[in-house]
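Working notes for the structure below.
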Amino acid sequence: MSAGSAELARWIAAGPNTWRIGKWTVYRSLLPQPVFWVSSGSGRPKRVETREQVLEMINENRD
């Protein structure tokens with residue numbers, strides 16, 4: 001893993017069930033099942049099923 005991707009993989013707590021990964025904000029909803037919502041800037045959050053998919057999406061869409 002390169003230094004850039006290691007930095008992206010760092011989940012920084014920003015509140016209850018909320019993290020920052022670089023410019024991305026990740027929210028976790030627990031009802032009715034655990035699911036993640038990922039947004040960047042003022043864009044609409046995208047639903048993502050797993051933590052691995054969150055990282056994959058962020059890596060595919062980084063600047």
Side-chain angles (χ1 to χ4, degrees):
M1 181 177 343
S2 71
S5 59
E7 183 63 29
L8 277 179
R10 190 160 174 229
W11 292 54
I12 301 169
N17 293 319
T18 306
W19 298 269
R20 297 283 301 161
I21 305 172
K23 69 176 185 173
W24 300 87
T25 302
V26 180
Y27 309 93
R28 184 176 62 190
S29 170
L30 299 175
L31 297 173
Q33 64 192 17
V35 66
F36 294 94
W37 296 91
V38 182
S39 68
S40 171
S42 61
R44 295 188 81 174
K46 180 177 178 182
R47 182 182 172 143
V48 182
E49 299 294 325
T50 67
R51 182 180 171 102
E52 291 77 21
Q53 289 174 333
V54 168
L55 293 174
E56 183 177 304
M57 187 184 95
I58 290 171
N59 281 326
E60 289 174 357
N61 294 295
R62 67 181 168 169
D63 296 328

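Counting begins at 1 with the first residue of the sequence. As a basis for the values below, the full set of heavy atoms in this structure was taken, side chains included, without hydrogen atoms, waters or symmetry mates.
- Within the 4.5 Å cutoff, side-chain heavy atoms of Val26 are placed close to those of Trp11.
- Annotation: side chain of Val35 is not in contact with side chain of Val48 (no heavy-atom distance under 4.5 Å).
- In this structure, CG on Leu30 lies 5.0 Å from CG on Asn17, to the nearest 0.5 angstrom.
- Atom CG of Asn61 and atom CD of Glu56 lie 10.0 Å apart (nearest 0.5 Å).
- With Glu52 as reference, Thr50 is the one residue of Thr50, Val54, Leu55 to meet the side chain to side chain contact (heavy atoms under 4.5 Å, CB included) rule.
- Between Thr18 and Thr25, some side-chain heavy-atom pair lies under the 4.5 Å cut-off.
- In this structure, Phe36 and Trp19 have tilted ring planes: the angle between them lies in the 30° to 60° band.
- Taken to the nearest 0.5 Å, the NZ atom of Lys46 stands 11.0 Å off from the CH2 atom of Trp37.
- Remark: the backbone N or O of Met57 is not paired with any side-chain donor or acceptor of Glu60 at under 3.5 angstrom.
- With hydrogens and angles ignored, the 3.5 Å screen pairs a side-chain donor or acceptor of Gln53 with a backbone N or O of Glu49.
- Taking every heavy atom of both residues into account, Pro45 and Ser39 meet most closely at CA-CB, 3.9 Å.
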